[in-house]
Structures are given as structure tokens and as C-alpha cells.
Student: 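Submitted below is the structure of interest, expressed as C-alpha cells.
In what follows, every chain begins at residue 1, and chains take the letters A, B, ... in the order their sequences are listed.
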There are 2 protein chains.
Amino acid sequence: MDRKELLEKKPMIKLHEKLFLCPTSAAMELIGGKWKSVILIHLIDGKKRYNELRKELPMITERTLSLQLKQLEKDDLVVRKVFTKTPPLKVEYSLTDFGRSLIPVLEAITDWGIFAAEKKGAFIFEE
Amino acid sequence: MDRKELLEKKPMIKLHEKLFLCPTSAAMELIGGKWKSVILIHLIDGKKRYNELRKELPMITERTLSLQLKQLEKDDLVVRKVFTKTPPLKVEYSLTDFGRSLIPVLEAITDWGIFAAEKKGAFIFEE
DNA sequence: CCGTATCCAGCAAGATACTG
DNA sequence: CAGTATCTTGCTGGATACGG
């Protein structure tokens with residue numbers, strides 16, 4: 001069943017106990033928000049430890065990073081693997097297969113972001 | 001300059017007086033939120049009057065629809081055209097060229113939303 | 001090292017009533 | 001017809017301190 005055919009049936013989508021009336025807004029529920037897409041992008045090139053993510057994303061607070069990772073994990077986009085039982089802990093985050101299915105979408109969004117920033121003269125390059 | 005080359009320069013993007021450190025989050029600033037992508041999708045098939053949008057999106061409040069349309073207009077994704085000067089007013093909304101450049105992205109998101117909903121058994125079809 | 005607890009501010013968005 | 005005004009609520013995310 002292709003997109004047009006399916007969309008004509010006007011299906012609803014149940015996610016997080018909420019109803020969405022189009023797949024676009026349902027997708028946005030999963031990848032929207034201020035940080036989710038950024039975290040996902042940073043996991044494209046492989047697994048990362050919690051502190052690696054913190055260093056690569058210094059402007060996210062620990063609390064928010066933690067909450068967003070939990071959401072992504074709950075939505076099966078990211079897996080959390082624990083390697084030690086006693087402190088210091090070693091934890092690695094990586095994309096699931098489902099999460100990897102998002103890569104083309106994230107790249108399409110990124111490419112459009114670049115296009116938009118160029119077109120609107122919004123880029124700022126530092127020396 | 002292609003994506004990888006550009007991203008290696010780690011440019012920032014200034015939008016709405018805020019700084020974004022990757023084009024993905026900048027793009028999300030423009031099309032994220034609960035309703036923007038849904039409104040944009042409904043404008044793909046041509047111009048719509050305010051009340052048409054309200055009828056097609058009955059779950060958005062007037063206030064929110066109005067605010068989101070203003071944001072989209074300010075970001076040059078949508079144009080608002082007024083055809084009468086005295087009530088009853090006739091106003092039409094449509095995508096700008098810049099807004100139309102988003103169509104492939106919106107469709108990519110939608111397609112992934114369909115894929116995700118199917119995979120997670122989240123679709124609900126009514127009779 | 002990898003988080004959680006607590007507290008708080010700001011904003012997105014809903015409900016409802018009203019206007020040019 | 002096409003909105004705005006007003007009031008309110010709930011969520012996202014920030015700051016900081018602490019815990020296994």
C-alpha cells in the first residue's frame with residue numbers, strides 16, 4: 001500500500017497514549033523537540049558513551065540529555081548497554097535498526113537546513 | 001560545498017535571534033512544534049482559506065492556528081493574501097517557493113511516519 | 001562514571017469570549 | 001469571514017546539588 005492510498009483512508013496513529021491524525025505529526029512526536037534529532041545525528045557514526053555525548057553536546061544539561069535518551073530508548077530508536085555493575089559505570093548508547101531507518105530522514109532535514117541557512121544568510125562561520 | 005565539507009567547519013546558524021549549532025536543529029526550529037508540519041502538509045495541494053484549514057484541522061484551536069500561520073509567514077514558508085478590505089474577509093494561505101522546497105522533506109518524514117506506525121502496529125483504521 | 005532529585009522559569013497550546 | 005483578547009494549564013527544559 002503506497003502513501004497516497006494509505007493516507008486516503010485517513011488512519012489515526014496511537015503513540016504515547018495520544019492520537020495523531022497524520023503520520024507526519026506522529027513522526028514529529030518521535031523525533032521532534034529541541035534535542036532528539038541532534039542526539040540521533042550524533043549517534044549516526046556509532047555508539048557513544050554518556051560522557052562522550054555530553055562533551056559533544058555541551059549545551060544540553062545532564063538532566064535533559066538523560067530524559068531525552070530515555071525517551072529515545074522507550075521509543076526503540078536508541079539502545080542503552082551497561083558494561084559494568086559497580087561504579088565507575090560504563091554505558092554505551094547506539095541506534096537500533098529502527099533508529100537507523102531514520103538516517104535518510106535526518107539527512108534530508110539536515111540538507112534542507114543547510115539549504116535554508118544558505119538561502120537566508122543565517123550561517124555564522126568562526127575563524 | 002557539499003554537506004560533509006560544510007559540516008566540518010561547524011558553522012552556527014542564527015534564527016529568531018537564537019543560535020543553533022547544527023542545521024538539523026535549525027530546520028527543526030522552522031518546521032518543528034506540534035502543528036507546523038501538519039499545516040504545511042495541508043498546503044501542499046494548493047492555497048487554502050483560513051476556514052478551510054480550520055475545517056481540515058478541527059483539533060487545532062483558532063488561536064493556535066493563527067499563531068502558527070503567523071510564524072510560518074514570518075519564516076517565509078507561507079504567504080497570506082488578503083482579497084477584501086471589508087468583512088467578510090477573504091484570505092488565502094499558500095506555500096512560498098521556499099516553502100515548496102520543503103515538500104520532499106515533509107514527504108520523507110511522512111513516509112517514515114507510515115513505516116514506523118506499521119512497524120509498531122500503531123495504526124487505527126475506522127470503518 | 002553515570003546519572004537522579006529537586007526546584008523553577010518560560011513558552012506552547014487549550015478554552016472561551018469577543019471584534020473589524 | 002478571519003481573526004484577536006484574556007486567562008489558564010501543562011510540558012519542556014534549565015540550574016544546581018546529590019547518589020550508586
Side-chain angles (χ1 to χ4, degrees), chain A residues 15-22 25 28-40 42-43 47-75 78-94, chain B residues 15-22 25 28-40 42-43 47-75 78-94:
Chain A
L15 235 48
H16 302 157
E17 299 306 311
K18 289 180 265 183
L19 283 177
F20 297 86
L21 33 51
C22 76
S25 54
M28 282 301 191
E29 171 81 1
L30 297 182
I31 64 171
K34 191 167 174 183
W35 295 116
K36 279 183 183 171
S37 59
V38 183
I39 295 171
L40 290 169
H42 278 259
L43 289 174
K47 54 186 189 299
K48 297 267 170 75
R49 296 186 62 175
Y50 180 78
N51 259 6
E52 287 186 87
L53 287 171
R54 278 195 56 196
K55 284 170 198 159
E56 294 180 13
L57 306 167
M59 66 298 305
I60 311 186
T61 63
E62 292 181 66
R63 172 193 142 87
T64 301
L65 178 57
S66 178
L67 287 173
Q68 298 305 309
L69 282 168
K70 268 191 188 153
Q71 278 275 346
L72 292 170
E73 194 189 357
K74 177 177 145 210
D75 290 335
V78 159
V79 255
R80 175 179 184 271
K81 283 182 189 152
V82 186
F83 291 90
T84 54
K85 289 187 176 174
T86 55
L89 296 187
K90 180 181 179 183
V91 179
E92 278 178 357
Y93 292 92
S94 56
Chain B
L15 234 48
H16 302 157
E17 298 308 309
K18 288 180 264 182
L19 283 177
F20 298 86
L21 33 52
C22 76
S25 54
M28 283 302 192
E29 171 80 0
L30 297 182
I31 64 170
K34 192 166 174 183
W35 294 116
K36 279 183 184 172
S37 60
V38 183
I39 295 171
L40 290 169
H42 278 259
L43 289 175
K47 55 186 189 298
K48 298 267 170 76
R49 297 185 62 172
Y50 179 80
N51 260 6
E52 288 184 86
L53 286 171
R54 278 195 55 197
K55 283 171 198 158
E56 293 180 13
L57 305 167
M59 68 296 307
I60 310 186
T61 63
E62 291 181 64
R63 172 192 144 87
T64 301
L65 178 57
S66 179
L67 287 174
Q68 298 306 307
L69 283 168
K70 271 190 185 152
Q71 278 276 344
L72 292 169
E73 193 189 358
K74 176 177 146 210
D75 290 335
V78 158
V79 255
R80 175 177 183 274
K81 283 183 189 150
V82 187
F83 291 89
T84 54
K85 289 186 176 176
T86 56
L89 297 185
K90 181 181 178 184
V91 179
E92 278 179 355
Y93 292 92
S94 55

Student: May I have the distance from B:Leu89 (atom CG) to D:dG3 (atom C1'), rounded to whole angstrom?
Tutor: 8 Å
Student: Kindly state which residues belonging to residues 62-71 of chain A come within less than 4.0 angstrom of DNA chain C, counting heavy atoms of the residue only, listed by number.
Tutor: A:Glu62, A:Arg63, A:Ser66, A:Lys70
Student: Taking OP1 and OP2 of D:dT4, is either one under 4.0 Å from a side-chain nitrogen or oxygen of B:Tyr50?
Tutor: no
Student: Going by the rule side chain to side chain contact (heavy atoms under 4.5 Å, CB included), which residues pair with B:Lys81 if we only count those two or more places apart in sequence or in a different chain?
Tutor: B:Phe83
Student: For the pair made of NZ in A:Lys36 and C1' in D:dG13, what is the distance, rounded to whole Å?
Tutor: 13 Å
Student: Report the C-alpha distance between A:Asp75 and A:His16 in whole Å, list the side-chain angles of each, state the deciding distance to 0.1 Å, and finish with yes or no for side-chain contact (heavy atoms from CB on, under 4.5 Å).
Tutor: CA-CA 9 Å; A:Asp75 290 335; A:His16 302 157; 2.6 Å; yes
Student: Find which nucleotide of DNA chain D each of A:Trp35 and B:Asn51 is nearest to by heavy atoms, and output the residue with the more 5' nucleotide.
Tutor: B:Asn51
Student: Which pair of non-hydrogen atoms, one from B:Ser66 and one from B:Tyr50, has the smallest distance, and what is that distance?
Tutor: CB-OH, 4.5 Å
Student: To the nearest angstrom, how far is B:Lys81 atom NZ from D:dA2 atom P?
Tutor: 15 Å
Student: Work out which heavy atom in A:Gln68 is nearest to a heavy atom in A:Ile39; give both atom names and the distance.
Tutor: CB-CD1, 3.6 Å
Student: Checking B:Leu43 against B:Leu72 for the side-chain contact (heavy atoms from CB on, under 4.5 Å) test, could you report, in this order, the C-alpha distance in whole Å, the side-chain angles of both residues, the deciding distance, and whether it holds?
Tutor: CA-CA 12 Å; B:Leu43 289 175; B:Leu72 292 169; 5.8 Å; no
Student: Enumerate donor-acceptor pairs with a distance under 3.5 Å from any side-chain N or O in residues 54-63 of chain A to protein atoms, sequence neighbours excluded.
Tutor:
residue, atom, partner, partner atom, Å
A:Glu56, OE1, A:His42, ND1, 2.8
A:Glu56, OE1, A:Lys48, NZ, 3.1
A:Glu56, OE2, A:Lys48, NZ, 3.4
A:Thr61, OG1, A:Thr64, N, 3.2
A:Thr61, OG1, A:Thr64, OG1, 2.9

Student: Is the phosphate of D:dA2 approached by B:Arg80 (side-chain N or O, under 4.0 Å from OP1 or OP2)?
Tutor: no
Student: Could you go step by step and tell me if A:Val38 and B:Met28 meet the side-chain contact (heavy atoms from CB on, under 4.5 Å) rule?
Tutor: CA-CA 10 Å; A:Val38 183; B:Met28 283 302 192; over 6 Å; no
Student: Among all residues two or more places apart in sequence or in another chain, which pass the side-chain hydrogen bond (donor to acceptor under 3.5 Å, both in side chains) test with A:Arg49?
Tutor: none
Student: Give B:Phe83 one of three labels, base, sugar-phosphate or nothing, depending on what nucleic acid heavy atoms sit under 4.0 Å from its own.
Tutor: nothing
Student: Note the angle between the end axes of the helix from C:dC1-D:dG20 to C:dG20-D:dC1, five pairs defining each, rounded to 10 degrees.
Tutor: 50°
Student: Nucleotide range of DNA chain C contacted by chain B, 5' to 3', under 4.0 Å to a heavy atom?
Tutor: C:dA13 to C:dG20
Student: Considering residues at least two apart in sequence or located in another chain, which fulfil the side-chain hydrogen bond (donor to acceptor under 3.5 Å, both in side chains) criterion with B:Tyr93?
Tutor: B:Arg80
Student: Sequence neighbours left out, what passes side chain to side chain contact (heavy atoms under 4.5 Å, CB included) with A:Thr86? Give chain and number order.
Tutor: none
Student: Between B:Ile39 (CD1) and D:dG3 (P), how many Å, whole number?
Tutor: 12 Å
Student: With sequence neighbours left out, what residues match A:Lys18 under salt bridge (charged side-chain N to carboxylate O under 4.0 Å, His left out)?
Tutor: A:Glu29
Student: Measure the distance from NZ on A:Lys34 to C1' on D:dC11 and round it to the nearest whole Å.
Tutor: 14 Å
